[in-house]
Amino acid sequence: QVQLVESGGGLVQAGGSLRLSCAASGRSFSSYPMGWFRQAPGKDRDVVAAINGGGTSLYYANNVKGRFTISRDNAKNTVYLQMNSLKPEDTAVYYCTVVSPIWRPAPQPFGSWGQGTQVTVSS
């Protein structure tokens, strides 16, 4: 099984930036499409962004498009989420996991959840 560890969260003011990292220890990482999800208190866990194994196909939720960038470094078994222009509504626990290979209508979680990393954006 792929083991995932999220990091990089923290407290930031609105308009600021954070870069999240998801380090994978499993095998065949480069073959897995990966996604970032987030869950705010009392809300569903929703997909934020996804990237295919080769890093050539990207998905973004409408409410983060233009502000967030997903990327990966397969040599380091790591996927990143660069978050710019953060808003208070971005406050959530962010998780990474393997996602479905088909993204119609949106990427679905396809693996185990990590521990998540807390992102808090103050207004």
Side-chain angles (χ1 to χ4, degrees):
Q1 291 184 324
V2 175
Q3 302 290 324
L4 302 170
V5 179
E6 299 95 338
S7 63
L11 175 64
V12 65
Q13 292 183 341
S17 298
L18 286 172
R19 190 190 193 194
L20 307 184
S21 297
C22 175
S25 61
R27 295 182 176 90
S28 301
F29 173 76
S30 63
S31 69
Y32 298 138
M34 299 293 297
W36 285 96
F37 294 73
R38 67 186 182 186
Q39 187 169 32
K43 297 184 178 179
D44 294 334
R45 188 172 298 184
D46 296 326
V47 65
V48 175
I51 186 168
N52 71 339
T56 57
S57 295
L58 309 174
Y59 171 90
Y60 296 100
N62 287 336
N63 54 4
V64 307
K65 189 175 296 183
R67 300 188 297 120
F68 291 9
T69 303
I70 189 170
S71 62
R72 68 192 297 159
D73 186 340
N74 288 336
K76 296 182 178 180
N77 277 18
T78 303
V79 61
Y80 305 96
L81 186 67
Q82 178 68 46
M83 306 185 296
N84 299 326
S85 302
L86 283 162
K87 304 175 180 179
E89 51 262 45
D90 296 318
T91 295
V93 178
Y94 284 70
Y95 304 86
C96 66
T97 190
V98 179
V99 298
S100 56
I102 299 174
W103 297 351
R104 300 188 298 271
Q108 303 297 314
F110 211 58
S112 299
W113 297 109
Q115 80 287 350
T117 185
Q118 176 72 49
V119 171
T120 302
V121 184
S122 62
S123 60

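Position 1 is the first residue of the sequence; numbering continues from there.
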Atom pair [atom1]/[atom2] of [X] and [Y] - distance to nearest 0.5 Å:
X: Leu20; Y: Phe68; atom1: CG; atom2: CZ; value: 8.0 Å
X: Asn77; Y: Ser30; atom1: CG; atom2: OG; value: 8.0 Å
X: Met34; Y: Thr97; atom1: CE; atom2: OG1; value: 6.0 Å
X: Asn63; Y: Asp46; atom1: CG; atom2: CG; value: 8.0 Å
X: Leu11; Y: Gln118; atom1: CG; atom2: CD; value: 9.5 Å
X: Ser123; Y: Gln13; atom1: OG; atom2: CD; value: 10.0 Å

Do you know the tightest heavy-atom contact between [X] and [Y]?
X: Asp90; Y: Val121; answer: CB-CG2, 4.3 Å
X: Arg67; Y: Ser85; answer: NH1-O, 3.0 Å
X: Ser100; Y: Phe110; answer: N-CB, 3.5 Å
X: Ala24; Y: Leu4; answer: CB-CD2, 3.6 Å
X: Pro88; Y: Ala14; answer: CD-CB, 4.1 Å
X: Val99; Y: Pro107; answer: CB-CB, 4.1 Å

Would you call the rings of Phe37 and Trp113 parallel, tilted or perpendicular, taking 30° and 60° as the class edges? perpendicular
Same apolar cluster: [X] and [Y], side chain cutoff 4.5 Å:
X: Tyr80; Y: Ile51; result: no
X: Val119; Y: Val79; result: yes
X: Trp36; Y: Val12; result: yes
X: Trp103; Y: Val48; result: no
X: Leu58; Y: Tyr32; result: yes

Residues Leu81, Arg38; criterion side-chain contact (heavy atoms from CB on, under 4.5 Å); working and verdict: CA-CA 12 Å; Leu81 186 67; Arg38 67 186 182 186; over 6 Å; no
Whether Arg72 engages the ring of Phe29 as a cation-pi pair (distance to the six-membered ring centre under 6.0 angstrom, angle to the ring normal within 45°) should be assessed. yes
With no hydrogens and no angle check, is any side-chain donor or acceptor of [X] less than 3.5 Å from a backbone partner on [Y]?
X: Tyr60; Y: Ile70; answer: yes
X: Thr78; Y: Lys76; answer: yes
X: Ser57; Y: Asn52; answer: no
X: Asn74; Y: Gly53; answer: yes

Verify the neighbour count for atom CD of Gln115: are there more than 12 heavy atoms of other residues, nucleotides or ligands below 6.0 Å? yes
Does Ile102, at its CD1 atom, have more than 12 non-hydrogen atoms belonging to other residues, nucleotides or ligands within less than 6.0 Å?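 Result for CD1/Ile102: open.
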Under 4.5 Å between any side-chain heavy atoms of Tyr94 and Glu6, yes or no?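 Not in contact.
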